[in-house]
Amino acid sequence: MRTGSMSFSLVLVPRYRIHSLANHWDESLHNLNRNYGNNSGIRLLDSRIYGLQGGHGKKWTRRPVTTKREGSNKTSRSPKSRSIEHETLSETILTSATENVNKTELGQLQEIQYSDIQKELAQNKDLTSLLTIIVFDTETTGFMRKGDRIIEIALRDLQGGENSTFQTLVNPQRYILNSHVHGITTQMVNKPDVPRMEDLIPILMKYVRSREKSGGYVLWVAHNARTFDVPFLINEFSRCSTEIPPNWLFVDTLPLAREVIKFRGTELSSTSLPALAELYKVKVDGSAHRAMVDVNKLAMILPKLTFDLKLTISDLFERSFKPDLINFRRKKNTD
DNA sequence: TGCCAGGCCCTCTTTAGGGCCTT
């Protein structure tokens, strides 16, 4: 098991129950400021504390590939299969027969099923008791979904509390040619103590499960998530024959930044993460383009962004998407 | 020979083109 480069943080405040978006942001921001203001509030823990020995111990169930067809980036998951997943979350059963469902029907069912989830949660007055909001970021070997690989992943549970962050390098088992961007070199990741994605995924899933509420959903938030982080995540899970849990939903903050620029005008020079950080006067110590640094930036930007746009948790949730609804279409769509 | 990222948004407009955003 390659776990040596993984780390968790212990934020020195107790966990608390989220009552509202404002409370949620305020508390999270407070924790983040407290811990990053003096850069001393986070202690890195030995990964063994979290019990990371299970990767080869068969503690986790690998699920069949359902996110990608062989030789294609298009999703192979059908709504029929998803309905099964909703019923038996831990035992996904897929058959080749699901491949034959009419495409139009599939699209309609996808929309219906997902909107049902959104409706259910959006109408739930105690939405915050069901949602875990995780800000995340990935560093990769490049921009190409097909060929490039994730080499670092970091995430922060905005609920705070013990072990609210997760960060690790990932061994892509290849040379890294864009070290000038993030400072992560081939030598740093191609080591026995750096987990490969197949080692990491079960650990990551167990970590997220430890953060999520019973019967709840996990809202993953990233900047440009829809066309960058999430497709990379989908491909990595697919390569490892593991399915992204059906209760994971994703929010892209890039469209939110575009909305802000409409009424803020030239106050926001662009919709990039650095521009947002500048607008909201967010400063985080650390190397730019390292995953946890960008996670902490976005974690501090998010409450300001939602405040500007007057978004509630329900609003944020309604803007979320499921990974299997991402269009893996070619440029100049040939569908 | 064809591929080389791709979804979204804006503009000189949508039967299109180019820039932005992510590494």
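The sequence lines fix the lettering, A, B, ..., with proteins before strands; numbering per chain opens at 1. Computed from a predicted model, the values in this text were never measured in an experiment.
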Worksheet item: Looking across every strand, which nucleic acid part, if any, lies under 4.0 Å from A:T141 by heavy atom: base, sugar-phosphate, or nothing?
Response: nothing

Worksheet item: Heavy atoms under 4.0 Å, any strand shown: does A:I151 hit a base, just sugar-phosphate, or nothing?
Response: nothing

Worksheet item: Do A:S238 and A:N235 meet the criterion of a side-chain donor-acceptor pair at a distance under 3.5 Å?
Response: no

Worksheet item: Between the base of B:dT22 and the side chain of A:D229, is there any donor-acceptor pair under 3.5 Å?
Response: no

Worksheet item: Tell me, do A:H223 and A:I301 make a side-chain contact under 4.5 Å, heavy atoms counted?
Response: no

Side chain of [X] only, heavy atoms from C-beta on: which candidate in [options] is closest?
{"X": "A:E139", "options": "B:dT23, B:dC20, B:dG6", "value": "B:dT23"}
{"X": "A:T227", "options": "B:dT22, B:dG7, B:dC4", "value": "B:dG7"}
{"X": "A:N224", "options": "B:dT22, B:dA5, B:dG7", "value": "B:dT22"}
{"X": "A:H223", "options": "B:dG7, B:dC21, B:dA5", "value": "B:dC21"}

Worksheet item: With centres under 5.5 Å and planes under 30° as the test, does A:F228 stack with B:dT23?
Response: no

Discussion item. Considering only residues two or more places apart or on different chains, which pairs with a residue in residues 248-260 of chain A satisfy salt bridge (Lys or Arg N to Asp or Glu O under 4.0 Å)?
Written reply: A:E259-A:R319

Worksheet item: Excluding sequence neighbours, so at least two apart, what forms side chain to side chain contact (heavy atoms under 4.5 Å, CB included) with A:R174?
Response: A:T141, A:R149, A:P172

